[in-house]
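Notes to accompany the following structure.
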Amino acid sequence: MFTLTEEHDMLRDAARAFVQEKMPTAHLRAVRESKPDGFDRALWKEMSDLGWAGILIPEEHGGAALGYVGMGLVLEECGRTLAPSPLHSTALVGASALILGGTAAQKAEWLPKIAAGEAVVALAIDESAHHAPEKIKLDAKGRALTGEKKYVADGHVADLLIVAARDGGAVTLFLVPARADGVTITPLKTLDSRGAADIAFNGAKAEPLGGPELVDQVLDRARIGLAAEMLGQATQAFETTSEYLKTRTQFGQLIGSFQALQHRAAKMFVELELTRSCVLAALAALDENRNDVAEHASLAKARAGETLHLVSNEMVQMHGGIGMTDAADPGLYLKRARVAEALYGSASYHRDRYAALNNF
Amino acid sequence: MFTLTEEHDMLRDAARAFVQEKMPTAHLRAVRESKPDGFDRALWKEMSDLGWAGILIPEEHGGAALGYVGMGLVLEECGRTLAPSPLHSTALVGASALILGGTAAQKAEWLPKIAAGEAVVALAIDESAHHAPEKIKLDAKGRALTGEKKYVADGHVADLLIVAARDGGAVTLFLVPARADGVTITPLKTLDSRGAADIAFNGAKAEPLGGPELVDQVLDRARIGLAAEMLGQATQAFETTSEYLKTRTQFGQLIGSFQALQHRAAKMFVELELTRSCVLAALAALDENRNDVAEHASLAKARAGETLHLVSNEMVQMHGGIGMTDAADPGLYLKRARVAEALYGSASYHRDRYAALNNF
Amino acid sequence: MADGPGPQTSKELEEFRSETRAWLEANCPALMRTPMGEDDAVWGGRDWKPKHPEQKQWLDAMASKGWTVPTWPTEYGGGGLSPQENTILQDELRRIKARPALMSFGIWMFGPVLLEYGNEAQKKKYLPQIARGEIRWCQGYSEPGAGSDLAGLQTKCEDKGDHYLINGQKVWTSYANEADWIFCLVRTDTKVKHEGISFILFDMTSPGVETRPIKLISGASPFCETFFTDVKVPKENLVGKLNGGWEIAKRLLMYERTSISAGGFGGGAGALPIEEIAKHYVGVEDGKLEDRDLRARIAAHKMYDKAFALTVRRAQEMAKAGDNVSHMASMFKVAAATMNQEKTELIVEAMGNRALGWSGDGFTKGEILAPRAMLRAKGNSIEGGTTEVNLNVVAKRVLGLRDHQ
Amino acid sequence: MADGPGPQTSKELEEFRSETRAWLEANCPALMRTPMGEDDAVWGGRDWKPKHPEQKQWLDAMASKGWTVPTWPTEYGGGGLSPQENTILQDELRRIKARPALMSFGIWMFGPVLLEYGNEAQKKKYLPQIARGEIRWCQGYSEPGAGSDLAGLQTKCEDKGDHYLINGQKVWTSYANEADWIFCLVRTDTKVKHEGISFILFDMTSPGVETRPIKLISGASPFCETFFTDVKVPKENLVGKLNGGWEIAKRLLMYERTSISAGGFGGGAGALPIEEIAKHYVGVEDGKLEDRDLRARIAAHKMYDKAFALTVRRAQEMAKAGDNVSHMASMFKVAAATMNQEKTELIVEAMGNRALGWSGDGFTKGEILAPRAMLRAKGNSIEGGTTEVNLNVVAKRVLGLRDHQ
C-alpha cells in the first residue's frame, strides 16, 4: 500500500528539483505582486511539458497515466514551496471528472488540451460560505444553468467549468465553457494570493457529465489531492521551523534546546507522520479502486487540515516577531493553510462525514 | 461579587482546620475499607454540630443562614481532602429544595432534622446513564410514583428522597421517605467509594414540593455546589503535584526544573484561577438572587469538570509510577474526579446548555 | 475583613458622581459618543491633525481636568483622583459611551514608571505633555537579536563627557514613524548583562535617527525598525541610575502586560459576538448552529472568555481590597493571547470561504477584516513578552519551580 | 526500486503457506481458536498449571516446530523461518483466529538481546527454555529512585571472587511473583553512571530474593516491588562485559517499546467499538449520536486511531523494504499511549454513570471493567519509558535538537 514504484520515485525527485529551483516561496511573492491570475503561465507551460498536467490522463489522450499516487507526490512537492498553479483544479479535479464521467467525445475534446496545459479547468461546487454538496440548489433544468457558485478555486482563470447542479432530483456535473453566454465571473482577491471566483449562471447552456455518483467521486479526489498538497505545506513548514530552532539564539542558548519547544516540536513530528500515512493510503486507495475511498478521503482531509493548522500556527509562534513580518515565510504558509483547510470541507465537516460513514 | 465577609473567612478557616485534621485522604481510605455507607456517621454528626448541615437553613429552623458563598467555601475545603459526607446532597441540595419549594409544614418537619444532621436527603433525578432532566419520565399521577432512577448520590443512605417526576405535563419535585412502601433501593459500590443507589418506585406515595421551575433551581444549586467541591479537589491535586515537582529528582535534577513540566504546571495554574472565578461568581449569583444563575451554573460546572479532568490526569502522570499505585493519593483524586465530572451533567452537557441559553 | 473608614464618605462620592455626570454631559461632544471606526483613535503628538474638530475639543476638555490621566498628581497634569473617584469617572464615561480622549504609550507605560523612577525635573517636563497629548512616545526595547531575551540587547550608549552617543538598532518599535520621543533601553556596560543596561529618553528628530515601517502578515505596518547612528543625547535624559535601567524596564513591562490584558487585543471584525457571525454564515437548525462541532467549540470559547472576564474583575476587586495581584499579570497575558487567537480563528472558521478574501469588492468590509484580525492576533502571544516567557514567569515566580541547578 | 531475486521463490513460499495451513488445521485445538477471556493468557513457567489441557497441547505443538519464536535459529529452539515465511505464518494464525500459544517477556525482550549479546553457552542454556515456555522471565529495571532516569539505578553487585553478591531493590517488576528467573540491571561501579551498569541473570528462587505485589489504582497487581538481600549469583550469569550493561539495557528498551506499541495496550471493555458503546448508552437521533459534542470527539479519536494503524502498517512495509525505522519506536510509544488513554476516557464518558461503578451487582461486568481500563491506561504514558522521555528522544535523536550547551 505504501510502497512506491521506481517511476514514482523518479517523478517525485524531478518534481522536487523543479519546484525547489523554479518555484521557491520567492516565486509566490513575485506572483502576488505582478500576476493577477495567481500563477505564472510560462511556468505552467513548463510543468505541462514535464507531463504533470497529464499525470492522470490515459496515454491515448496525451497523458502519462501515472495514477493518483504519482499525482499526490507532485502536489506534495508543490505544497512544500506553496508553488501556485492550476495543477490541482485542472490536472487532478478536471481530468478526474472527465476520465470518470466524460463521453468519448468529451474526453477527446478536453483531455488532450488539459494534458498539454492548454485548458484550465475549475470545479464549481459550493453555493454558500461553507462546503455543503448535499445542499446544492443550482438549477439545471433543460440543460440551462441558473444560480450562483461561491469561491470557485481557479474559477477566475478557467477555460472550462465543471458545475454541480440539480436536474430534477439528484445532483450531477455539467460542462460549461467559462466564456459561454450566461456565465458571469467575479474574480476574488484571496488570502493565499492564488485568486478564485464567485460565478453567476443565468441560463448558461451546459452538457451533462456522468451520473449522480460522479459528484462524490470527483470531490473525494479533490479532497485527497488537496490533502497531499497540504501535507507538503505542513512538512516544509515544520522543517523550516526545525531549522530555525537550530539557529536562533536567545538567553545564550539555541531556542531549540528549550525543552518546552522540543516537546512541541516532537508532537508535531508525530502528527506529521500520522498524516503522511493517511494521505498516502488515500492516494493508494484511489489507484487500487477500493470501496473505502470516501472514508479515506475524509480521514486524509481532516487530518491534513488539523495538522496544517497546528504546524502553521507553531511556525509563526516559534519564529517569534520575525514570523509576524510579511518578509518572512510563516505568514505565507499560514494564509495558504487557512484557504486549504476550508476548501472541499473543513476538518469539522469531515469529522461529521466520517462519523456518518461509520454509522454513528 | 468576589469579596468575602469576615464571617465567611472564619467559616473557611474553621472548615480547613477541621477537614485537614479529621478528614485527610487517609480518612477516605479508612471509609473505603470499613464503612459501607461511604461516610463516617460520627464525623457527620461533628460536622453538623459545627453548623455545616444548616449553613443554608434559616435560623428559625435551626440553621445558620450563611448563604451559598459560605456553603461553597466549606464544600471546597471538603473537596481538598476528598472528605466523604452527605454535605452536598443534604445540606445543599436537600435543604435548597425544601427552602425554595417546601410548604410551611414540610419545612418545619424536615429543615430542623437536616440542620441537626439527623436526616440525610438525596435528590433522585436521572433515569438513564446520562444527566437529562428534560427527559424525565417517572410517573407521578395520583401522587404515587412509578418508575426508576439511576445513580442517586447518597441514595443508599438517604432518609428522605426528593424525586423529580411528571404529574401530567411538567416535571416537578416530590418528597418520599426512603423507607416508604413501594421504594426499592439498590446500593451501588462506586468508583469514588462514596456509594450511590439505583432506586425503583412502585406506586410509592409522594408529597409534591413547589412548582415546575423548582427543578431547574435545585439542579443549578446542585451543580454550583458540586463545582465548588471540584474546585477544592483540583486545587489540592495541583498543589500536591507542585510539591512533588519540587522534591522528586531524576537525571540529577528536580523534575520541576524541566521546562516542559514547568509550562504544563503554569497552564494548569491559569485554568485553576479561571475556574475559581467562575465558581465564586456562581455562588455569589445565588446569594444575590440574580437572573443569570443558569448560565453561571453551566459555566461553573463545565469549567470545573474540564479543569479537574486535566489536573487529575496530570497529577498521575507527573507522579510517574508512584501515581499508579493505590497507596498514593493521585488515584483517589482521579476516581472522585470522574464521578463528579458526570454528576449533574458533564462538560459536554453544559456546553450544550450554555449555547442554548445564549440562543445559538 | 474590617470595613475601615475610607478616605471619602459615600456622600462625597455621590456628589463627585453627579458633578462628573453633569460635566461630561456638557463637555463630551455628540460625535465623541458614537462608535469608533478603524482610524478614529486619537494618539496626539506634534504632527497630529484631528480628523474631526470634536476630537481636539474632547481631548482639550479632558486634559483641562487632568482626566486623560485621572489618578496622576495634579502638579504633573493629572486629575489627582482617588481610586474610588476614578472608578466613578470610568463608569460615567462608559455610561455615555464616550470614546477615549487619548490613546498613548506615555499614559499606559512610560508615565507610570517616570512617576516612580524619574527625577523632579523629568516629571515636570514630560508628564504634562503626555497628559495633554502634545508629545507622542514610542518604546525602544526589542532588538533583532534580543526578543524574548530582552536583556541581550546591544544598542550601545557611550558617555562622551557632556553627552551620550547612541549607536544601534531597535525593532518592533510601535508607531516609531509617528512618534515624537522615544523611551529606550541601551547598553552602557558591555561586560555584564542585566547590570549594564540604562533607560534613556530622546527626541526622534535627533540627527541619526531613522525609522523603517515593517509590513506585517496582516498587511498593516504598526511597527518599525529603528536605527540609531551617532545620536547625541543630553545627559539629563537618563532616567534612574546609569546601568540601573533593567529594574525600570521590568516594571514598565509589567505595565505593558497589564494594559494589553486588561484592554484586550484589538478585535477587528469582532464587533458582533461570534455566535451571531456563525448563525449568519453557518445557518441554524432547530435553534442550534447547524455545525454542531463548531457550536460546541464556540460554546467552550465563550465560556473561557467569560471565565477570563470574571477573573479580571476578581483581580480588580482583590486589588481594591489591598491584596497584591502582581503575580496575575503573566497569567492574564497568556490567557488573553490564547483567547483572542481562539476567537479570531473561530470567526474565520465560521465565515468559511467568506473569510478567505484579502481585498477587492468580492467581499464585504467585515469579511476582509476577519482574516486580517486572525493574522494580527498571532502576534498577541509574541508581543509584550511571549507566551513561553510568561509561562516561565508563572512557573518560577508564582509556583516556585526552580531552574536546573 | 529493483526487484532483486528474494531468498525464496514465490512458488516455495506458496508451498510453505499450504503446508503451514495444513499443519495448523491439524494441530491447533478448536478451543484455541475461540476468543480469549481475561485469564486465558498462557505465560508458561515452572509453576504453570494449564486452565485447559488444550493450552498445553497447543503450546507443545507450536514449540515442537519452533514457532513460538519463529525467526530464532533452530539450534536455540527457534523455527528458523525467513521474514517472508514468518509473515505467512502470522497470516495463517490470524486466519484461523488462533490464540497466542505463549506470552513471554523472554520472547519479546530478553531473547532478542541474548541472541545479540549472550555467549554461546548462555544462548544454548536459556533460549530453548524460553521457546518451550519452561522458564518464565521478569525484568529487573526500575528502582524507586530511578524511573525515567533509569541509569540512576543503585542496586549493588559486588564481585566476591567466585560469585557476585547482589543487594538492592527493584520496583515495577512485572509479574515478579510468578516469574522463575530475572534479567536485571545492577551497579558494578559506583564512581561512574552509565559505564557502571551490568546486565545479569539469576534464579528468583535464590536465597535473599523477595517479592511484594503492588496494588494499582485500577485494583489489579501486575507489578511487584522486589528486594535482593545478599543474593549470590554465579559469575557465568553476567551477559556481555562487566560495566557494559547500559548498551544492552537500551537495546532491550527498544524491543520493549516496539512490543508495547505494536501490540497495543490491553483494551479492557474495548471489545466493542466506542461508537457502538456510545449508541447504547447515549442514544441516537436521526442516525447520529445524540450528544453531538461527544460524537465529534469520538470521530476525531477514531480518525487518530486509524491514522495510527496506517502508520504502523507503513513502518512495517518500510522495514520490509529494508528502510531503517528504528527512529519511529518512540513516536509509536507516545501515540499509542495517547490513543489508548483517549479511547478508555471516551468510553467512560459515553457510559455516563454506568462507568462509575467499582464492584457489585449494580453494574454489568463490562461496566465494571470500563473505569478500570481507563485507570490502567494512565500507566501507558509511564511504563516502558514515559511520554516525556520519549518526546525527548524524538526531539534529540530524530529532529536533531540539542540540549543546552
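Protein chains get the first letters and strands the later ones, always in sequence-line order, with residue 1 at the start of each.
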| said: Under 4.5 Å from any heavy atom of chain C, what part of B/Gln259 do you find: side chain, backbone, both or neither? | reply: side chain

| task | Go through B/Thr275, B/Leu299, B/Leu261, B/Leu280 and name the one with the most non-hydrogen pairs under 4.5 angstrom from chain C. | result | B/Leu299

| Basic-acidic side-chain contact under 4.0 Å: B/Glu273, C/Arg314 | yes

| task | Heavy-atom pairs under 4.5 Å with chain B are the metric here; pick the option from C/Arg313, C/Met328, C/Met318, C/Glu276 that has the most. | result | C/Arg313

| So, does B/Arg303 use its side chain to make a donor-acceptor pair with the main chain of C/Ala307 at under 3.5 Å? | no

| B/His263 and C/Glu388: which non-hydrogen atoms are nearest, and at how many Å? | NE2-O, 3.4 Å

| Distance from B/Phe2 atom CZ to C/Lys320 atom NZ, nearest 0.5 Å? | 12.5 Å

| query | Closest heavy-atom contact between C/Thr311 and B/Ser277? | reply | OG1-OG, 2.7 Å

| At their closest point, which heavy atom of C/Arg295 faces which heavy atom of B/Phe360, and how far apart are they? | NE-O, 3.2 Å

| remark: Rounding to 0.5 Å, atoms SG (B/Cys278) and OH (C/Tyr304) come to a distance of 11.0 Å

| task | Counting only heavy atoms closer than 4.5 Å, note whether B/Ala356 contacts chain C via side chain, backbone, both or neither. | result | both

| task | Mind checking the CG-NE2 spacing from B/Leu254 to C/His404? Nearest 0.5 Å is all I need. | result | 10.0 Å

| Sub-4.5 Å side-chain heavy-atom contact between B/Phe238 and C/Leu399 | yes

| Which region of B/Ala355, side chain (C-beta onward) or backbone (N, CA, C, O), has a non-hydrogen atom less than 4.5 Å from a non-hydrogen atom of chain C, or is it both or neither? | both

| Heavy-atom distance under 4.5 Å to chain B: side chain of C/Asn392, backbone, both or neither? | both

| request: Please report the shortest heavy-atom distance between B/Ser298 and C/Met303, naming the atom on each side. | output: O-CE, 3.4 Å

| message | Would B/Asn358 and C/Glu275 count as a side-chain hydrogen bond (donor to acceptor under 3.5 Å, both in side chains) here? Give the steps. | response | CA-CA 9 Å; B/Asn358 280 277; C/Glu275 68 270 26; over 6 Å; no

| How about C/Arg397: does its CZ atom have over 12 heavy atoms from other parts shown lying under 6.0 Å from it? | no

| query | Hey, which of C/Val393, C/Leu391, C/Val398 has the most heavy atom pairs under 4.5 Å with chain B? | reply | C/Leu391

| request: Work out which heavy atom in B/Gln262 is nearest to a heavy atom in C/Arg402; give both atom names and the distance. | output: NE2-O, 3.1 Å

| Approximate separation, where rounding is to 0.5 Å, of B/Arg351 CZ and C/Lys302 NZ | 15.5 Å

| Going from CE on C/Met339 to CG on B/Leu274, what distance comes out if it is rounded to the nearest 0.5 angstrom? | 8.5 Å

| request: Could you tell me which portion of B/Glu239 (side chain, backbone, both or neither) has an atom closer than 4.5 angstrom to a non-hydrogen atom of chain C? | output: neither

| task | Apply side-chain contact (heavy atoms from CB on, under 4.5 Å) to the pair B/Met1 and C/Leu310, showing each step before the final yes or no. | result | CA-CA 10 Å; B/Met1 178 178 231; C/Leu310 288 169; 4.3 Å; yes

| Nearest 0.5 Å, what's the CG-NZ distance between B/Asp352 and C/Lys288? | 4.5 Å

